[in-house]
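Everything numeric here is computed off the predicted structure, so don't read it as measured data.
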Amino acid sequence: MSSKLETLRAAWPVLRGALRRGQLFNPQCELIDAEPDVVASFDLEVPMSEGFALTANVFHSRSRRAEGQADPVVMCAHPYDNHHIPALGGTPFGGPPQQYRLLPQSGGKPRFSRLTSWESPDPNFWVPAGYTLVNLNLPGFANSEGPASIMSSHQGKCFREAIAWVGSQDWCDGSVGLCGVSFLCISQYLAAAVPDGEKAPDALKCIIPWEGVSDLYQDLACRGGVPDFGFLNFWWHTEVKDSMNNTLEAYLETEDAIPVEALEKHPFYDDYWREKAPPLENIQVPMLLCASFSDHELHTLGSFRAYEKARSDHKWVYTHRSGKWTEYYKPESLALQKDFMDRFLKGTSNRFDGLPTARIEVRKSRDDVKEVRWSSSWPPEDTYYQRLHLGQNQTLSPTPPQDAQEAIYDGDSGEVWFDYRFSRDTEVTGYIALKVWVEARPGAGQSIAPKDMVLCCFIDKLDSRGRSVRFYGSVGQDQDMVTRGYGRASRRELNEQESRPFNPVPAGSQDQELKPGDTVPLEVAFCPSSTFFEKDSTLRLIISGSDIVHAPIFKKDTRINRGRHVVKFGAEFDSHLLIPIIGD
């Protein structure tokens, strides 16, 4: 299939939605002109120790530069080509980056200047705030030299060298902080999670990673052992491939496979995937990390993992349930980002001197925020984990049933649910986990039982009248449930070192196919969330053979599902949902 056809196939679900919304000619963002004092130097060469150069756009204050003043630097790095800004005519129709014409936004429209590339800090905000902004192309992308790669240790190494070089320039006062969304968050993990035996650049003082996967296999490519063949296909063909200046052959020599095909060559969690999971425990610089309760298909799990594993003495997590781009550019978030940079790049005393660790945003529904508070820990220290056992009549109960029972649904498209009605107002904030005993049986007219099964699991909120309550989800989804998780029977083996009772982590090391009559325990991790359940509202656990709550771009591979899925509970089958209740 030709490259153009591949791109069209990957983009079609999103393009169809954009056409329906009229978004192609009415992008969901607001562009503003650059401040007169902001001056840009494009394509500055940044030398690497390997003999090639990267390119960066540098945004200064005209007046401060004329006075010879050196600023602290806010910096980002990515593979998206920093020429794709309206000011250079590198975007469709001279408007915003193309993604704002394709991807639906939620929670409002982002607002930024014509100097801003995709998911990057806005020079219009940072330069007037007393900073110089550096926007760097990673090796092999746009006009940066060197081998192209994705989420590699080499990208991290080159980013660190670029940080050290920037810190030594006469226009930098020696202090650099990193900032940016999604891959511009991932690149911060790669730079700050310095491999054992190496040292972080002296200039690197702090980071603001705003929502990003931290383990490509566990967070996206094969979450819960279930392949996703939607997002990586879209991302590679619409955002990455055309920015790469290496040949595909050269890329494959470095990377072995393009992202969308990597699972075919590396189905298990092997060295290929481990190399794309930076050693987060080696992050020691101050960190303000954003981990959303909405981006369950992409960044949520990885963001919370990065926050919990980092060993920074000063670290904060900012949670929300809106759209990542809207939240990143909104005035309140920018003010918080600025205070963080002021504290750790300028040494200014401000709210970060005594700010509690975690910003918790609790929602009743999509647009109804119950509470925003700062907590002393994540997960919140006043968390009580309640076991709700699967029981008869499709209920969840603190008391396990005495007798063994089962619920059966069609493996291809059926589902079963279990309800828990709250007797009082209750906040559920944190990790949710499911342990469920399952069996795969032949369907009607079949004689052989399936050897595997995929479970798509959802937590829904029902109001007192039994109506589903909707929330914002990944990439502009505005009809999401509370949270979701995925599991695959053949990948039920857990990584015992990484797993916790409320957050099981699959090992991903082998297939353990089912034999006829096998009943096995499967543990499923749901993304962290924060939801207020009013008295008489209901938490519904849904177990399905298909991804019943669709999000644009993402597509879980459930093609192995057939026959009948059997959920067993009661007696020796301790199937239960573990939920985090606050303040109980």
For A277, which residues count as a side-chain contact (heavy atoms from CB on, under 4.5 Å) partner, sequence neighbours excluded? D215, Y269
dist L434:CG -> I543:CD1 (nearest 0.5 Å) comes out at 5.5 Å
Mind running side-chain contact (heavy atoms from CB on, under 4.5 Å) on T319 and S530 for me, showing each step along the way? CA-CA 9 Å; T319 71; S530 183; over 6 Å; no
Residue set satisfying side-chain contact (heavy atoms from CB on, under 4.5 Å) with T426, at least two apart, ordered chain then number -> F422, R424, V428, I581
Would a 4.5 Å heavy-atom cut-off, applied to side chains only, mark V505 and L494 as touching? no
Under-4.0 Å salt bridge between E439 and K568: yes
Distance-only, no hydrogens or angles: does the Y217 side chain make a donor-acceptor pair with backbone N or O of P267 under 3.5 Å? yes
When R540 is tested against each of L462, L396, V482 for side chain to side chain contact (heavy atoms under 4.5 Å, CB included), which residue passes? L462
Could you list the residues that satisfy side-chain contact (heavy atoms from CB on, under 4.5 Å) with K555, not counting sequence neighbours? F229
Is the closest basic N to carboxylate O distance between D460 and R470 below 4.0 Å? yes
Minimal heavy-atom distance between A433 and P501, with the atoms involved, is CB-O, 3.7 Å
Distance alone, cut at 3.5 Å: any donor-acceptor contact between the side chains of W437 and D574? yes
Centroid-to-centroid, W210 to Y318, below 6.0 Å? yes
Specify the closest pair of heavy atoms between G212 and C185, including all atoms of both residues, with the distance to one decimal. N-SG, 3.4 Å
Between Y472 and F293, does the ring centroid distance fall short of 6.0 Å? no
